There are 2 protein chains.
Amino acid sequence: MTQRSPGRPAVAFTPVRGGRTFEIVVQQIRDKLASGELGPGDKLPAERDLAQHLNVSRNVVREALRILENAGLLSTRKGAHGGAFIEQGSPALISQAFNDLLTLNAISLDDLLKARELMLGMMLDVVRDLPAAPDLGALRNNLAETEAAVTSGDSPRRVQLAREFYHDVASLTGNSALVFTVDAQTGLVQTFLRYRVQDMDAQQLLQSRRAFLDHLAAGRFEEAKAELGAHLRRVHKHLWRR
Amino acid sequence: MTQRSPGRPAVAFTPVRGGRTFEIVVQQIRDKLASGELGPGDKLPAERDLAQHLNVSRNVVREALRILENAGLLSTRKGAHGGAFIEQGSPALISQAFNDLLTLNAISLDDLLKARELMLGMMLDVVRDLPAAPDLGALRNNLAETEAAVTSGDSPRRVQLAREFYHDVASLTGNSALVFTVDAQTGLVQTFLRYRVQDMDAQQLLQSRRAFLDHLAAGRFEEAKAELGAHLRRVHKHLWRR
DNA sequence: GAATGGGTTTTGGTATCACCAATAGATTTT
DNA sequence: AAAATCTATTGGTGATACCAAAACCCATTC
């Protein structure tokens with residue numbers, strides 16, 4: 001049990017209202033995750049068993065599982081050998097949070113897009129200052145596949161490849177938190193962009209990607225940053241035309 | 001008929017079909033949020049009414065409300081005139097997401113702290129490139145209050161002021177998305193740090209803050225960045241000693 | 001007349017029970 | 001052996017009842 005001074009509010013993540021039964025259940029499962037007693041891939045008991053074991057109603061267990069599932073901590077499968085399984089982490093968690101803040105008008109789309117541009121630029125600075133030269137293999141491969149997807153007119157594949165492109169750029173930094181943040185932002189942008197990929201100028205995209213990679217390979221980080229920024233601003237401008 | 005806050009018309013809910021029922025209910029409410037039909041402060045119909053209008057069971061409505069509540073989109077109150085109320089956005093949404101990713105070992109605390117340092121540094125670059133000189137009023141005020149809190153030994157106040165300090169730094173950029181991201185990271189760090197604030201060297205903290213502000217006021221952004229970075233690394237190092 | 005105190009109503013919280021729907025594995029049939 | 005079928009498991013939904021808190025109303029009391 002955590003020691004704390006009297007009268008101090010509890011930690012931000014665990015809501016103070018311990019009165020509701022399903023919240024206690026949620027907390028118990030979260031604790032078992034934090035302590036390592038439960039890990040990705042593990043399976044929770046069936047809802048009915050869990051309810052009986054915890055001496056609560058199945059409704060309560062279900063509400064707790066719904067919360068954890070929605071938080072991305074577990075997923076659910078029906079049928080025999082089904083149940084609730086602990087998940088791997090996913091940037092969708094952060095993505096959803098940003099998305100909710102957008103719909104609540106707590107942040108503006110414009111600011112979010114600017115932040116994205118700034119963060120990607122910052123990452124290139126990080127890469128520049130790394131001791132070793134970046135491994136551009138993944139990005140080169142991505143470019144080749146993007147060219148193939150453009151010629152074959154495979155729009156869904158283009159979207160997927162764009163997502164991987166930014167993921168690979170972030171991965172150059174070797175920082176998992178940055179990778180997740182960028183992935184989340186990319187996912188968010190793509191939910192706005194999904195149905196209008198075909199409108200975008202494919203040749204311009206390819207040209208920009210090639211220039212970006214050339215700059216990067218030659219160590220011209222400022223030019224790479226400028227190229228990426230210009231491309232992002234084009235995409236963002238595209239988002240406003242609707 | 002459900003009575004709602006005056007001024008807004010009653011919301012129309014349409015019956016439900018396809019997929020998991022509660023997910024459709026969640027989506028329907030999210031859509032009403034995105035379209036502006038529902039906004040912060042509004043009250044949803046009572047669970048029983050909502051269930052009847054949607055032609056689903058109250059169980060389904062409750063699971064949907066649990067999900068939305070856990071996502072921070074609404075809160076619930078018991079009793080007469082209680083119900084589900086749309087909330088304002090909060091960085092706790094993003095904080096929770098990062099926290100879950102931490103417990104799933106999808107990202108490392110070390111990477112998260114480095115990302116925080118990088119992002120704050122980037123923001124100072126943004127401030128440097130702004131056309132107008134930054135308004136340091138909030139930060140000066142924060143420093144004065146921090147000095148008072150240190151002399152009076154008010155640890156909770158110190159934690160609160162530290163949170164506001166980083167919030168104010170991010171606010172210098174004028175970008176709401178960056179502010180939310182920094183707030184989320186700060187909240188996360190403080191959940192690890194909260195109970196050990198008194199261990200930290202208060203005089204060193206104050207000296208660092210004063211130097212930071214002096215650099216900023218004089219337009220020495222690189223020095224300010226270095227000072228902030230050094231302070232963050234001290235804090236982060238403090239996190240590891242446990 | 002103001003304050004007190006207890007009903008009454010509204011509304012979320014929990015408990016049960018019943019049944020549907022999908023799924024994997026075992027069994028039977030062809 | 002392959003295909004169809006059965007069966008047990010497990011999540012998904014519906015329905016009903018009752019509890020607990022909160023706001024309100026109103027009679028009682030001082």
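Below, read A as the first sequence line, B as the second, and so on, with proteins coming before strands; counting in each chain starts at 1. This one's a predicted model, so the numbers in the text were calculated from it and none came from an experiment.
Residues satisfying the side-chain contact (heavy atoms from CB on, under 4.5 Å) criterion with A/Glu63, sequence neighbours excluded, are A/Phe22, B/Arg62, B/Glu63, B/Arg66. Residues meeting the side chain to side chain donor-acceptor pair (under 3.5 Å) test with B/Asp183, sequence neighbours left out: B/His167. With sequence neighbours excluded, no residue satisfies salt bridge (Lys or Arg N to Asp or Glu O under 4.0 Å) with A/Lys43. When the salt bridge (Lys or Arg N to Asp or Glu O under 4.0 Å) test is applied to B/Glu87, no partner is found at least two apart in sequence or on another chain. The side chain to side chain donor-acceptor pair (under 3.5 Å) test applied to B/Asp168 returns no partner, not counting sequence neighbours. Annotation: salt bridge (Lys or Arg N to Asp or Glu O under 4.0 Å) contacts of A/Asp49 (sequence neighbours excluded): none. Remark: B/Glu117 engages B/Arg233 in a salt bridge (Lys or Arg N to Asp or Glu O under 4.0 Å) (not counting sequence neighbours).
Of the residues in residues 68-80 of chain A, those placing a heavy atom less than 4.0 Å from an atom of DNA chain D are A/Thr76, A/Arg77, A/Lys78, A/Gly79, A/Ala80, in numerical order. A heavy atom lying under 4.0 Å from DNA chain C marks the following residues of residues 37-50 of chain A, by number: A/Arg48. Annotation: proximity of residues 57-65 of chain B to DNA chain C (heavy atom, distance under 4.0 Å) is found for B/Arg58, B/Arg62, numbered in ascending order.
Within the 4.5 Å cutoff, side-chain heavy atoms of A/Ile86 are placed close to those of B/Leu104. Using a 4.5 Å heavy-atom threshold, the side chains of B/Ile67 and A/Ile67 count as separate. Counting heavy atoms from C-beta outward, A/Leu65 and A/Thr76 have side chains that stay 4.5 Å or more apart.
In this structure, the NE2 atom of A/His81 is 10 Å from the C1' atom of C/dT23, given to the nearest Å. Whole-Å rounding puts the B/Glu23 CD to D/dG12 P distance at 9 Å. Across the protein-nucleic acid pair, B/Gln52 atom CD and D/dT16 atom C1' stand 15 Å apart, rounded to whole Å. One atom, CZ of A/Phe22, and another, P of D/dA20, lie 17 Å apart when rounded to the nearest Å.
Sorted by first and then second residue, the pairs that involve residues 91-110 of chain A and meet salt bridge (Lys or Arg N to Asp or Glu O under 4.0 Å), not counting sequence neighbours, are A/Asp100-B/Arg30, A/Asp110-A/Lys114.
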All N/O pairs under 3.5 Å across the protein-nucleotides 5-7 of chain D interface:
none

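Summarising the local packing, CD of A/Glu147 is surrounded by more than 12 heavy atoms from other residues, nucleotides or ligands at distances under 6.0 Å.
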From CA spacing to verdict: side chain to side chain donor-acceptor pair (under 3.5 Å), B/Gln160, B/Glu164: CA-CA 6 Å; B/Gln160 169 71 14; B/Glu164 291 175 5; 2.8 Å; yes
